[in-house]
2 protein chains.
Amino acid sequence: MKALADILAELSRGGFRITRARRSMIEVLIGSRLPISAEGLLASLIKQRVPANKTTVYRELNFLKERKIVQEIQFLHERVKRYEVVFGSHHHHLICMGCKSVEDVELDGELEKYERDIMKSRGFKVLNHALEFMGLCEACR
Amino acid sequence: MKALADILAELSRGGFRITRARRSMIEVLIGSRLPISAEGLLASLIKQRVPANKTTVYRELNFLKERKIVQEIQFLHERVKRYEVVFGSHHHHLICMGCKSVEDVELDGELEKYERDIMKSRGFKVLNHALEFMGLCEACR
DNA sequence: TTGCTATTGCAACTAAGTTGCATTAATATG
DNA sequence: CATATTAATGCAACTTAGTTGCAATAGCAA
C-alpha cells in the first residue's frame with residue numbers, strides 16, 4: 001500500500017495543495033482497516049478536531065477517486081458508498097451478515113481466467129469487475 | 001424462468017390480491033430483458049395506461065423481493081437499484097461502458113469452488129455473492 | 001351484495017450526495 | 001517576508017432515490 005508521504009508528494013507535484021483537511025482525510029483513509037463511508041470519514045475528522053464539512057468530504061473523495069488514489073465500493077446490503085485506498089493488489093470482500101464485519105480476500109489470478117473466457121466466447125473485453133461475498137464469519141456461524 | 005401465471009397463483013395462494021398494478025408490474029419485469037429500475041418500471045406502466053404511482057412501485061418491488069420473486073441488483077456505475085425476476089439459474093452481468101448495454105453470463109459452478117476455498121481457509125460461510133464485469137462489448141471495442 | 005382488509009395514492013419526509021457562489025488559505029514568486 | 005494567484009472550503013439550497021402515515025379504494029371470500 002502507498003504511504004501518506006507518497007500520496008501527498010504525488011498530489012503536490014500535480015499542482016494540488018496539501019491542506020489540513022486533505023492530509024487528514026488521506027490519513028484516515030490509510031488508517032481505516034475497512035472501507036469507510038463519507039459520513040464515517042467526516043465523523044472521524046470532527047473527532048480529531050479537524051474542521052471539515054460534508055461538501056469538502058464528498059469533493060475530496062471524488063477528487064481522490066478521479067486520481068485513482070481511492071476506489072469506491074458499493075456493498076450490496078448498504079445504500080452508502082464506501083472508499084478505500086487503492087492497494088497494489090486488487091481484492092474482494094467477505095461481508096458478515098451477522099456482525100457486519102468485513103474481511104478482505106484475494107483470488108485474482110483465478111478471476112482473470114474467467115475474463116479471458118468471456119473475451120473468447122462473447123467478444124466482451126473485461127476492464128474491471130466487482131465481486132463481494134455475503135455470509136457468516138467464523139464467529140457468527 | 002417462472003411464468004406470469006405461476007407467480008400470480010403463488011401470490012394468490014398466499015392470500016395476496018391480484019391487482020391491476022401488481023399484474024402489470026410482474027408482466028413488465030418478466031418481459032424486461034434486462035434488470036429494470038423503479039423509475040423505468042413506473043414509466044413502463046404509465047405508457048401502458050396502467051394507473052400507477054411511485055409509492056406503489058417501490059412497495060411492490062419490496063414485496064416481490066421479500067418473496068424472492070425478484071432480486072435487487074446494484075450496478076457499480078449507477079446509483080439506482082434494478083430488479084429482475086429470479087431465474088432458476090443464478091447469473092452475472094457484463095456491463096458495457098461504451099453503450100451501457102448489459103448481457104448475462106453464467107459461470108457459477110466455478111465460483112462455488114472459490115466459496116468452498118473461502119470456507120476452508122477462513123471459516124467464512126458464503127451464503128450469497130454479487131459479481132459483475134465492466135468493460136467493452138464486441139460492438140464498442 | 002357485502003364486509004374485511006390488502007392495496008393504493010397523496011403529500012410530506014429522509015438520506016445521500018451535489019452545486020453555485022462568496023470566502024479563505026496554500027504556495028510560488030519577487 | 002509580503003503578496004498575488006487560484007485551489008480549496010463552507011454554507012445554504014438543491015436533487016435524486018426511496019420511505020412513511022394515513023385516509024380512500026378495490027379484490028375477493030362468503
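Chain naming here is simple, since letters A, B, ... match the order of the sequence lines and numbering starts at 1 in each. Everything quoted here is computed from the prediction, not taken from an experiment.
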Assign the ring pair B:H77 / B:F75 to parallel, tilted or perpendicular, where the plane angle (0 to 90°) is split at 30° and 60°. parallel
A:A21 has its side chain closest, among D:dA7, D:dG18, D:dT9, to D:dT9
In whole angstroms, how far is the [atom2] atom of [N] from the [atom1] atom of [X]?
X     : N      : atom1 : atom2 : result
A:E39 : C:dG17 : CD    : C1'   : 12 Å
A:F16 : D:dT5  : CZ    : P     : 20 Å
A:N62 : D:dA8  : CG    : C1'   : 14 Å
A:R82 : C:dG17 : CZ    : P     : 10 Å
A:R79 : D:dG18 : CZ    : P     : 8 Å
A:L45 : D:dA8  : CG    : P     : 16 Å
A:R20 : D:dA7  : CZ    : C1'   : 18 Å
A:R17 : C:dT24 : CZ    : C1'   : 10 Å

Are the side chain of B:Y114 and the backbone N or O of A:L111 linked by a donor-acceptor pair below 3.5 Å? yes
With a distance cut-off below 6.0 Å to the six-membered ring centre and an angular limit of 45° from the axis, does B:R67 pair with B:F63 as a cation-pi contact? yes
Closest-nucleotide 5' rank along DNA chain C - winner of A:S37 and A:I18: A:S37
Do A:V102 and A:R82 come close enough that some side-chain heavy atom pair is under 4.5 Å? no
At under 4.0 Å between heavy atoms, what does A:R59 touch on the DNA or RNA strands: base, sugar-phosphate, or nothing? base
B:K54 near the nucleic acid: base, sugar-phosphate alone, or nothing, with a heavy-atom cut-off under 4.0 Å? base
Looking only at side-chain N and O atoms, does [X] come under 4.0 Å of OP1 or OP2 in [N]?
X     : N      : result
A:T56 : D:dA8  : no
B:Y58 : D:dG18 : yes
A:T19 : D:dT9  : yes
B:T55 : C:dT8  : no

Distance-only donor-acceptor test, B:R22 side-chain atoms vs C:dT7 base atoms, 3.5 Å: no
Tell me whether the count of non-hydrogen atoms from other residues, nucleotides or ligands lying under 6.0 Å of CD in B:E39 goes above 12. no
